[in-house]
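Presented below is the structure to which this report refers.
For clarity, every value in this text was computed on a predicted model and none was experimentally measured. Worth knowing before you read on, the calculation uses all heavy atoms, side chains too, and leaves out hydrogens, waters and symmetry mates. A, B, ... follow the sequence lines: proteins, then strands. Residue 1 opens every chain.
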Amino acid sequence: AQSVTQPDIHITVSEGASLELRCNYSYGATPYLFWYVQSPGQGLQLLLKYFSGDTLVQGIKGFEAEFKRSQSSFNLRKPSVHWSDAAEYFCAVGGGYGGSQGNLIFGKGTKLSVKP
Amino acid sequence: DAGVIQSPRHEVTEMGQEVTLRCKPISGHNSLFWYRQTMMRGLELLIYFNNNVPIDDSGMPEDRFSAKMPNASFSTLKIQPSEPRDSAVYFCASSFGSGGGYNEQFFGPGTRLTVL
């Protein structure tokens with residue numbers, strides 16, 4: 001079955017520190033991978049996506065993610081976190097066939113808090 | 001473009017009442033998705049339309065839920081009768097293409113539903 005696991009429910013980092021949010025997936029076909037961010041009271045906004053090609057993907061707001069097929073992972077990174085990055089982050093996988101084409105499978109999310 | 005528009009932003013109703021949530025997708029997008037977000041279950045896809053036709057409604061929890069898309073610029077999600085366990089944030093999203101699993105989905109701000 002298709003699934004996405006975000007092992008960390010809540011992470012706290014200091015402003016200026018580096019960040020890595022973990023995402024593991026289980027998917028039978030070639031995965032299409034996404035990271036979304038949700039600020040409080042807002043909808044989800046796409047940070048970046050991976051379909052094919054270079055396994056290191058650059059996104060908005062200084063985020064990047066690396067696809068590692070051997071580890072079934074798509075971890076999100078940022079070298080220096082800003083207070084405005086405090087939000088909830090969702091990893092998602094898609095690219096299925098038939099009726100599941102419409103489906104993005106979302107992880108449960110990781111809430112990021114930033115200490116001053 | 002104004003993005004995906006949802007109304008109302010907040011809805012408080014009493015158990016047994018009918019609730020109608022509305023969504024206007026981004027102009028030119030031909031896929032529309034309704035999601036429900038709760039603390040316990042995370043983000044769940046309820047139904048997915050492509051070119052105004054429901055493609056996958058396997059996520060609709062029960063017959064009390066129904067969704068329509070009479071034209072390319074409008075969709076409704078109706079709950080009748082509503083129950084307290086329906087309390088959640090309901091998101092509408094839209095994308096361009098035949099499968100949401102492949103394409104970026106643009107999310108609306110959500111409707112926070114509280115059923116007393």
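- In this structure, chain A has a heavy atom under 4.5 Å from the side chain of Q37(B), while its backbone stays farther away.
- When heavy atoms are compared at a cutoff of 4.5 Å, Q38(A) approaches chain B solely by way of its side chain, counted from C-beta outward.
- Using a 4.5 Å cut-off between heavy atoms, R41(B) contacts chain A through its backbone alone, with no side-chain atom that close.
- Around atom CG of N71(B), more than 12 heavy atoms belonging to other residues, nucleotides or ligands sit under 6.0 Å away.
- The backbone N or O of F107(B) lies less than 3.5 Å from no partner atom in the side chain of Y36(A), so there is not a single donor-acceptor pair.
- With rounding to the nearest 0.5 Å, the separation of CG in L104(A) from OH in Y48(B) is 10.5 Å.
- The hydrophobic cluster containing V4(A) also contains L33(A), counting ILVMFWY residues as joined when their side-chain heavy atoms lie under 4.5 angstrom apart, directly or transitively.
- Contacts between M39(B) and chain A at a heavy-atom distance below 4.5 Å are absent for every atom of the residue.
- L46(A) and Y32(A) end up in the same hydrophobic cluster when Ile, Leu, Val, Met, Phe, Trp and Tyr side chains are linked at under 4.5 Å.
- Rounding to the nearest 0.5 Å places CG of L43(B) at 9.5 Å from CD of E88(A).
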Could you tabulate the donor-acceptor pairs under 3.5 Å formed by side-chain atoms of residues 72-82 of chain A, not counting sequence neighbours?
residue	atom	partner	partner atom	Å
N75(A)	OD1	C23(A)	N	3.0
N75(A)	ND2	E20(A)	OE2	3.3
R77(A)	NE	E64(A)	OE2	3.4
R77(A)	NH1	E66(A)	OE1	3.2
R77(A)	NH2	E64(A)	OE2	3.3
R77(A)	NH2	E66(A)	OE1	3.4
K78(A)	NZ	K61(A)	O	2.9
K78(A)	NZ	D85(A)	OD1	3.1
K78(A)	NZ	D85(A)	OD2	2.8
S80(A)	OG	G16(A)	O	3.4
H82(A)	ND1	S84(A)	N	3.1
H82(A)	ND1	S84(A)	OG	2.7

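- The OH atom of Y35(B) sits 9.0 Å away from atom CG of L44(A), with the distance rounded to the nearest 0.5 Å.
- More than 12 heavy-atom neighbours from other residues, nucleotides or ligands sit within 6.0 angstrom of CZ on R64(B).
- Cluster membership check: V13(A) shares its hydrophobic cluster with F63(A), using side-chain heavy-atom separations under 4.5 Å among Ile, Leu, Val, Met, Phe, Trp and Tyr.
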